[in-house]
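Okay, so here's the structure we're looking at.
So that the names make sense, note that chain A is the first sequence line, chain B the second, and so on, each numbered from 1. No experiment lies behind these values; they were computed from the predicted model shown. Hydrogens, waters and symmetry mates play no part in the numbers below; they use all other heavy atoms, side chains included.
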Amino acid sequence: MTRILVVDDDPSVGAAIQMMLGREGCDTVHVAGAIAGIGALESSSFDLAIIDIFLPDIDGLETIAEFRRRVPALPILAISGFIFRHSMDPVLDYLALAAKAGAAVCLRKPFASRQLIAAVHASLASLLPVERVLEIDN
Amino acid sequence: MTIDNAHFNVLPFSPRFDSAVKKLSRLQTELMSEALRRAVDDAGAALKHQLSDPLTALLLYLDEIKRAGEVVGAEITPAALCEIVDRALRETERVCNIIELVGGAVEASVDAGAAIARGRDAIDLWAWNDGTKTGAMASPVLPTSPHPLTPREQEVLALIASGSSNKEGGHRLGISTRTFEAHRAHLMRKLRARNAADLVRVALGNNQ
């Protein structure tokens with residue numbers, strides 16, 4: 001069974017992802033912050049981590065980098081709803097930054113089930129080189 | 001950036017603008033538009049971020065409900081289905097509450113004319129973010145107004161063109177903010193302007 005760690009401070013998003021992936025046959029653990037996420041990572045093993053970029057305790061980008069340091073083989077799916085549409089400044093493109101920090105796939109909120117499933121499959125595909133970024137458009 | 005009193009006092013409050021003030025006004029308007037556009041961009045991004053969580057949860061729950069109705073052997077009990085529907089309703093309420101908060105942030109206007117003009121302003125500003133207009137606002141074609149402006153309206157137009165807020169403009173003319181807003185609304189109707197930028201264009205265009 002695929003084990004997935006979801007790090008998102010929004011309890012509804014966490015619960016909905018948990019319900020949806022549970023139905024897909026995944027064992028999903030939801031935590032609300034980066035520190036709890038790192039704790040879960042230390043006490044258990046996972047096949048995939050889904051991390052929201054805006055977390056209350058530690059910046060999501062730092063969290064992604066920390067996950068990468070601790071478990072380099074663990075694929076990471078970054079999710080975020082924040083985007084500056086007209087910004088030309090690459091510093092403000094959070095999903096691109098997440099990819100740089102080591103996320104294998106980036107998914108923009110809001111997303112539907114099929115988009116999440118596609119993103120999870122893409123993240124899990126071991127054929128996908130870590131450096132390659134696949135952005136799933138809504 | 002504001003125009004100081006020394007500059008402002010030379011304004012004759014007539015359709016004829018002093019050219020230096022005109023240039024300054026134009027510069028100020030451009031700077032304000034840019035700052036305003038940036039602020040609206042940021043506000044839009046923050047709002048989208050706030051809405052993205054309940055909308056994501058709602059989409060996932062609705063997919064679950066759809067699947068329960070479509071997939072043979074989905075094996076979902078009526079109680080479990082009710083629970084998902086409840087959750088979806090809660091997320092919908094969250095979205096509604098956010099929209100309510102956004103609406104509540106807009107101060108009420110004095111009369112229907114002013115309210116419509118302000119609403120139009122806000123909608124046009126938000127429209128900058130919808131992807132149909134990129135970067136700068138499209139220049140509207142303004143028909144020539146058949147109604148001449150009253151001296152008071154000319155004063156109000158001059159103040160708007162120089163970048164005064166409703167509060168500042170009211171203060172300068174010795175009238176209330178709401179009265180200034182009402183004059184502004186009448187001006188917009190008369191000049192068929194959709195927003196403050198249109199008014200500024202009219203003010204500058206009439207005097208060049």
Exercise. In residues 13-28 of chain A, which residues are in contact with chain B at a heavy-atom separation under 4.5 Å?
Worked result: A:Val13, A:Ala15, A:Ala16, A:Ile17, A:Met19, A:Met20, A:Arg23
Problem set entry | Contact listing (chain A partner; residues 50-57 of chain B; heavy atom under 4.5 Å) | B:Ser52, B:Asp53, B:Leu55, B:Thr56, B:Ala57
For this session: Go through the side-chain N and O atoms of B:Arg94 and A:Ser12 and say whether any donor and acceptor fall under 3.5 Å apart.
Result: yes
Exercise. Checking heavy atoms, do the side chain of B:Arg87, its backbone, both or neither come under 4.5 Å from chain A?
Worked result: side chain
For this session: Return each pair, listed once, that meets ring-ring contact (aromatic ring centres under 6.0 Å, His included) where at least one residue sits in residues 10-43 of chain A; pairs must be two or more places apart or across chains.
Result: none
Exercise. For chain B, which residues from residues 39-49 of chain A lie under 4.5 Å away (heavy-atom distances)?
Worked result: none
Seminar exercise, completed: Here the pair of heavy atoms bringing A:Ala112 nearest to B:Asp63 is CB-OD2, 3.6 Å
